[in-house]
**Student:** 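Got a structure here, written out as structure tokens. Questions coming.
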Amino acid sequence: MTSASRPVRTPVRTRFAPSPTGYLHIGGARTALFSWAFARRHGGTFILRIEDTDVARSTPAAVQAILDGMQWLGLEHDEGPFYQMQRMDRYKEVIGQMLAAGTAYHCYLSPEELDRLREAQRERGEKPRYDGRWRPEAGKVLPQPPAGVQPVVRFRNPAEGVVSWDDLVKGRIEIANAEMDDFIIARADGTPTYNFCVVVDDWDMGITHVIRGDDHVNNTPRQINVLQALGAEVPLYAHLSMILGDDGSKLSKRHGAVSVMQYDEEGYLPEAVINYLARLGWSHGDDEIFDRRQFVEWFDLDHITPSAAQFNTEKLNWLNAQYIKKADDAFLAAEVASRLARREVNPETGPSLEAVVALYKDRVANLNELADAAELFVADVHPAPEVVGQHLTDVAKAALASLRGRLAAAEWNRAALSQAIKDTMAEHGLKMPQVAIPLRVAVLGVPQTPAIDAVLEVLGRGRVLERLDRRL
Ligand code: GLU
């Protein structure tokens with residue numbers, strides 16, 4: 001289907017509605033990104049709603065983790081965050097209206113009776129369901145409400161017909177109303193249930209497009225029926241398929257970084273993660289690398305794949321490396337500085353971090369590797385004893401000693417430094433690696449670095465001589 005084929009209901013209003021029972025994970029972040037991008041694409045409004053009615057499992061820490069994750073990803077909301085727990089009065093008001101309108105009713109069946117009913121149905125080989133005994137019908141005489149029992153409130157689901165929607169990802173979905181029983185919208189203590197709160201919120205918030213995980217497909221027919229009973233306009237639904245792990249199984253904690261903030265810790269750039277998530281179940285031809293602005297320009301719901309997307313850590317790492325390579329040196333230097341600070345390494349004692357990151361940014365996979373490299377320039381170098389033993393042989397030390405003399409007097413630029421190394425090779429009858437590798441070990445503690453003359457130039461004369469002296 002081409003993007004022109006579906007009219008978009010405008011002005012677009014989308015929402016991301018996480019339950020704060022855990023971190024913002026990759027699946028949630030992808031849902032948030034698509035909702036955000038769709039609103040941005042159409043000049044619409046993106047709403048953040050915290051679905052915190054599961055008080056036993058919701059925590060303030062999880063709310064904060066979600067807000068942090070959204071901020072890190074740069075997914076700014078235009079309205080909210082709204083908290084469902086702060087909207088209880090509103091839900092109760094709508095329940096009152098539905099009771100008055102007859103689209104909902106009190107049911108006095110106790111949980112024990114309901115269990116017995118279901119048990120009996122199962123024994124008869126029937127699907128367990130509420131039997132509608134308190135559902136008002138024309139000409140039906142209802143039982144006397146038992147004394148002292150607080151009733152639940154049930155939605156009066158239409159008895160006939162089908163509920164259907166054209167899912168923007170999955171296509172047409174139809175469910176016969178006869179398949180659905182009258183679900184509870186308020187518990188005996190008066191608290192509204194999850195499916196009901198979502199409906200009232202989507203209605204009040206004027207949501208035009210519900211973009212969410214397909215674990216909610218089963219809730220949709222119920223939600224549509226309630227919306228219709230309220231006379232509300234039914235939003236369009238786009239149910240995103242789930243994300244599988246690298247190994248094809250369900251994405252879980254086993255797959256390492258589950259919280260978005262863990263990607264920060266592991267040295268990923270948010271821009272790389274956004275780019276990666278954008279391609280997770282959506283495509284624009286063969287384009288792999290595109291920034292957020294480009295994504296917003298291209299994003300549509302027609303190119304979301306209905307099948308499950310598979311997470312690919314290698315691809316994410318590759319993208320991250322691409323983003324680091326083209327990032328600005330000053331930006332990378334600031335990122336590295338804060339990572340060094342967390343390691344209690346003070347970058348001020350070292351050479352220019354901008355110069356260091358420029359040397360390394362096309363050879364690292366993440367910001368932590370960049371910080372590891374920078375740390376070698378800033379902190380004291382302690383090469384491992386076996387590295388010293390292997391590379392700082394007597395022959396190598398003799399060459400480094402004469403090189404030290406040349407470096408003390410050399411002009412401090414790459415050409416002159418390179419000449420000093422060549423002169424030392426000639427004097428001692430050595431090949432390039434026989435001087436360059438011990439030199440790397442002496443000044444940075446590792447045998448592999450970018451071009452050694454460039455490393456020396458960035459490190460600076462004082463540090464180079466001091467480090468050589470310590471090793472010789
Ligand atoms: N709170 C639900 C969740 O975190 C999302 C509900 C919805 O998007 O309708 O899975």
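These values consider heavy atoms only, across backbone and side chains, with no hydrogens, waters or symmetry-generated copies. Counting starts at 1 for both ligands and their atoms, following the listed order.
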**Student:** Please report which non-hydrogen protein atom sits nearest to atom 5 (C) of ligand 1, along with the residue it belongs to and the distance in Å to one decimal place.
**Tutor:** Ala17 O, 3.2 Å
**Student:** Judged on heavy-atom distance to atom 3 (C) of ligand 1, which of His216, Arg212, Arg49 sits nearest?
**Tutor:** His216
**Student:** At their closest point, which heavy atom of Arg292 faces which heavy atom of Leu75, and how far apart are they?
**Tutor:** NH1-CD2, 4.1 Å
**Student:** Under 4.0 Å between a side-chain nitrogen and a carboxylate oxygen: does that hold for Asp204 and Arg87?
**Tutor:** yes
**Student:** Of the protein's non-hydrogen atoms, which lies at the shortest distance from atom 1 (N) of ligand 1, and what is that distance?
**Tutor:** Glu51 OE1, 2.5 Å
**Student:** Based purely on interatomic distance, does Arg15 place a nitrogen or oxygen under 3.5 Å from a nitrogen or oxygen of ligand 1?
**Tutor:** yes
**Student:** Regarding Glu93 and Arg90, does a basic nitrogen lie under 4.0 Å from an acidic carboxylate oxygen?
**Tutor:** yes
**Student:** What part of Pro18, side chain, backbone, both or neither, has a heavy atom within less than 4.0 angstrom of ligand 1?
**Tutor:** backbone
**Student:** Stepwise, does the side-chain contact (heavy atoms from CB on, under 4.5 Å) test hold for Tyr276 with Tyr323?
**Tutor:** CA-CA 11 Å; Tyr276 182 71; Tyr323 273 83; over 6 Å; no
**Student:** What's the shortest distance from atom 6 (C) of ligand 1 to any protein heavy atom, and which residue and atom give it?
**Tutor:** Tyr194 OH, 2.8 Å
**Student:** Between the side chains of Arg293 and Glu297, is the shortest nitrogen-to-carboxylate-oxygen separation below 4.0 Å, so that they form an ion pair?
**Tutor:** yes
**Student:** Which atoms form the tightest heavy-atom contact between Leu168 and His209, and what is the distance?
**Tutor:** CD1-CD2, 4.0 Å
**Student:** Run the contact test for Phe16 against ligand 1 with a 4.0 Å cut-off on heavy atoms, strictly below, and give the result.
**Tutor:** no
